[in-house]
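Please read the structure below before turning to the comments.
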Amino acid sequence: MDIEEQNSSDDRDGSTAPSFSQKLYNHRGVPLTVLSTFFFALQNVLIRYVEDEVHIMEISFVRYFFLGPLLIPFMVHNSITVIPTSRKYFLLLFLRGVFGMVAFNFFLFAMLYMRLGDATAIMMACPVFIGIFAKIFLKETFGIVDFSLVAFSICGLVLISQPPFLFGDENGSTSGASFFGAMLAFASCISFAIGNVTMSYLGKTQVSSTVILFYYSFVASCGTAVITTFFGGWSIPPCGKARFILIAIGIIHCIAQYLLTYSYSIEYAVIVGIVQTNEIIFAYVLEFFIVAVYPDTITLLGVAMVILASVLASLRKFWVSKQKRAAVESRDQTRGYLDSEKHEEDA
């Protein structure tokens, strides 16, 4: 029995209503997703610092390689086995790793051809596809309100990043390199959506978040190692700042990925996808404090739209959960009434 069902049972038994802290815990997926987006944005800013000193694929390998060893002590302490219960789950875990690896590597290559904000804005269109795939494979609801919130947040992201292939560059023309980067970012968006829906399905079938992350780390590390070898990208990072930043990227990625994986296992996939759009906001805030990038009026308007969409999505989650609890209580009360009438007739 999950937490929401437990609360409903307590209400029917006449217990006191759950406290605010209990309600917040029941819906912890949203704040945890926000926290994960901050760490992902911080990671991307740090990648910008070392991309000229270390090959982009080697940076990607470090991210995945750090994830596995950091999970092993936790798995040993909690006696978590990595052996899946069926071939189906093994295939899903493998696919989660493949799509996750492809998504981020496409995103890294997109960053080489366009600005970080532009690439992030395109990748953050994934809630649309997450909702569609979740509707098809997970049978989750995806109505007109969900689609409207997704569209609203995407419009805000476009205003924030102001991609040159839509707004044009300073000379009023579009860039072929930026368009190629946009295609890479779009491929990243599709792969990211499929991977997250797979992760959500695994989480809802009681597969541990730690096991999902372990397979993700193993599959992505092996795949990225092959790609790095193909591009001849192996090198010894220079001493000093570059090495420390690489280690920080690996640790930050581990924290961010665990928070995101756990959020998808306890929350609706489309809600987590919408809240993830806050990553673009954190990216601009970090760039403001680190490299003094000042957003213009259009960017601020986009930020306001994304924040509003996220808040409305969170409120909708509370409303949907309340309606579900009310429906369960009404059904149980009706069933109890019918059962009592039947007993009276039998008597």
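FYI, the numbering just counts along the sequence from 1. Computed from a predicted model, the values in this text were never measured in an experiment.
- Closest heavy-atom contact between G29 and S263: O-OG, 3.4 Å.
- Here the shortest heavy-atom pairing between A256 and F39 reads CB-CB, 3.5 Å.
- In this structure, P84 and Y215 have side chains that are in contact, with non-hydrogen atoms separated by less than 4.5 Å.
- Residues forming a ring pair (Phe, Tyr, Trp, His ring centres under 6.0 Å) with F40 (at least two apart in sequence, or on another chain): none.
- Residues V219 and G97 approach most closely at CG1-C, 3.9 Å, considering heavy atoms.
- I83 and L91 fall into different hydrophobic clusters, where Ile, Leu, Val, Met, Phe, Trp and Tyr residues are linked whenever their side-chain heavy atoms come under 4.5 Å apart, directly or through other members.
- Screening residues 236-262 for ring-ring contact (aromatic ring centres under 6.0 Å, His included), with sequence neighbours left out, gives Y64-H253.
- At least one donor-acceptor pair closer than 3.5 Å links the side chain of S221 to the backbone N or O of S217.
- In this structure, the side chains of V102 and F192 stay at 4.5 Å or more apart for every pair of heavy atoms.
- Partners of F65 by ring pair (Phe, Tyr, Trp, His ring centres under 6.0 Å), not counting sequence neighbours, listed by chain and number: F61.
- Summarising the geometry of N44 relative to M111, their closest heavy-atom pair is O-CE, 4.4 Å, with the distance given to 0.1 Å.
- Legend: residues meeting side-chain hydrogen bond (donor to acceptor under 3.5 Å, both in side chains) with E51, ordered by chain and number and at least two apart, are R48.
- V76 and L71 fall within a single hydrophobic cluster, where Ile, Leu, Val, Met, Phe, Trp and Tyr side chains are chained together by heavy-atom contacts under 4.5 Å.
- Distance CD1/I227 to CG/N105: 5.0 Å, rounded to 0.5 Å.
- Atom CD1 of I245 sits about 9.5 Å away from atom CD1 of I59, to the nearest 0.5 Å.
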V207/I212 under side-chain contact (heavy atoms from CB on, under 4.5 Å): CA gap, chis, key distance, verdict: CA-CA 7 Å; V207 177; I212 298 174; 3.9 Å; yes
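- Expressed to the nearest 0.5 Å, how far CZ of F99 lies from OG of S191 amounts to 6.5 Å.
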Test side-chain contact (heavy atoms from CB on, under 4.5 Å) applied to I252 and L46, step by step: CA-CA 10 Å; I252 291 172; L46 292 177; 3.7 Å; yes
What donor-acceptor contacts under 3.5 angstrom involve side-chain atoms of residues 231-242, with partners at least two apart or in another chain?
residue	atom	partner	partner atom	Å
W234	NE1	T229	OG1	2.8
S235	OG	E58	OE1	3.1

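- Between F107 and F104, the ring planes are tilted. Angles from 30° to 60° get that label.
- F74 places a side-chain heavy atom less than 4.5 Å from the side chain of I80.
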Verdict with reasoning, C222 to V226, per side-chain contact (heavy atoms from CB on, under 4.5 Å): CA-CA 6 Å; C222 295; V226 173; 5.8 Å; no
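- Considering CG of L149 and CD1 of I154, their distance stands at 11.0 Å, rounded to 0.5 Å.
- Distance check, rounded to the nearest 0.5 Å: CE of M75 to CG of L213 gives 9.5 Å.
- Side-chain contact between S36 and L32 is absent, with no heavy-atom pair separated by less than 4.5 Å.
- When every heavy atom of M305 is checked against every heavy atom of C155, the shortest pair comes out as CE-CB, 3.7 Å.
- Take F282 and apply the ring pair (Phe, Tyr, Trp, His ring centres under 6.0 Å) test, not counting sequence neighbours, and it matches F38.
- Shown here is F94, whose CZ atom has no more than 12 heavy atoms of other residues, nucleotides or ligands within 6.0 Å.
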Intermediate values then yes/no, side-chain contact (heavy atoms from CB on, under 4.5 Å), F66 and I249: CA-CA 9 Å; F66 263 82; I249 289 173; over 6 Å; no
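- Shortest non-hydrogen contact noted between V211 and T81 is CG2-O, 3.4 Å.
- Side-chain contact between M57 and F109 is present, with heavy atoms from C-beta onward closer than 4.5 Å.
- A donor and an acceptor atom, one from each side chain of Q257 and R63, are nowhere located under 3.5 Å apart.
- Summarising the geometry, atom CD1 belonging to I72 is positioned 12.0 Å from atom OG1 belonging to T210; distances are rounded to the nearest 0.5 Å.
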